[in-house]
Amino acid sequence: MFTNISWGNYIVVVILLLASWYLFVGFRFYFDELKEIITGKRKLQFRGFENPNYQDPKFELKDQELPEEISEQASFGEFDTTFQDVDALVARLKTFIADAAKKKLVQKEFTYYLQLLLREFPSVKNSPFNSSVSELIVSECDKLESINLTQKEAEALWE
């Protein structure tokens, strides 16, 4: 029975089944996005593998925000600068700690640079996000071999 089906026919049938499956999934789950792309309201955005900012949260946020949302936030004046500062600080902390791991900084030098970085964000120091940022510092330092910080040491960096 299977000897009557050639490999060429088999491959054509498999390709047609896969194409119909992906069309079904596309229309079922991404119908609104496809509609926006077809009408021209949205452009396709491809990310290359060589883009180092792929994990940057600010970059992700810029891609996902729609123009209507930005104008609404600006018009109401409810844009929270503290939350933006926390996002910027978290991004800079992650890059700084990754760089410190590559450069193999000594703990004293590491804490000094970390204090300088935290001083650049005084609005975060007096905000409720202070302890969360300290926890982030401790968790990121746990990934390093040479530098270990406790929660108290991380909170003392703010002073």
Roughly how far, to the nearest 0.5 Å, is CZ of F96 from CD of E140?
12.0 Å

D85 versus F129: any side-chain heavy-atom pair under 4.5 Å?
no

In Å, rounded to the nearest 0.5 Å, how long is the span from OG of S134 to CD of E153?
11.5 Å

Measuring from atom CG of D142 to atom CD1 of I147, what distance do you get when rounded to the nearest 0.5 angstrom?
11.5 Å

Derivation and outcome, side-chain contact (heavy atoms from CB on, under 4.5 Å), residues L105 and D99
CA-CA 9 Å; L105 293 178; D99 288 343; over 6 Å; no

CG-OG distance between L89 and S123, expressed to the nearest 0.5 angstrom:
9.0 Å

Find out whether F121 and V86 are in side-chain contact, i.e. whether some heavy atom of one side chain is under 4.5 Å from a heavy atom of the other.
no

Quick one: sort the W21 and F24 rings into parallel, tilted or perpendicular, breaks at 30° and 60°.
tilted

Taking the side chain as everything from C-beta on, heavy atoms only, tell me whether L118 gets closer than 4.5 Å to I137.
yes

In this structure, would V133 and Y112 fall into the same cluster of hydrophobic residues linked by side-chain contacts under 4.5 Å?
yes

How close do C141 and N148 get, heavy atom to heavy atom, and via which atoms?
O-OD1, 4.2 Å

Are L117 and R92 close enough that some pair of their side-chain heavy atoms sits under 4.5 Å apart?
yes

In Å and rounded to the nearest 0.5 Å, what is the CG to OH distance from L157 to Y113?
15.0 Å

Are I5 and V13 connected into the same hydrophobic cluster when the rule is that any two of I, L, V, M, F, W, Y join if their side-chain heavy atoms are below 4.5 Å apart?
no

Where G26 and L34 come nearest, the two heavy atoms and their spacing:
O-CD1, 3.5 Å

Can you name the nearest heavy-atom pair linking V124 to W158, along with the distance?
CG1-CH2, 3.7 Å

CG (L18) and CG (L16) are apart, to the nearest 0.5 Å, by 9.5 Å

On a heavy-atom basis, the closest approach of E159 and R119 is O-NH2, 4.0 Å

Please determine whether side-chain contact (heavy atoms from CB on, under 4.5 Å) holds for the pair V90 and L136, giving the CA-CA distance in whole Å, both sets of side-chain angles, and the decisive distance to 0.1 Å.
CA-CA 8 Å; V90 166; L136 173 75; 3.8 Å; yes

Taking it one step at a time, do L93 and L114 satisfy side-chain contact (heavy atoms from CB on, under 4.5 Å)?
CA-CA 8 Å; L93 278 173; L114 205 54; 3.4 Å; yes

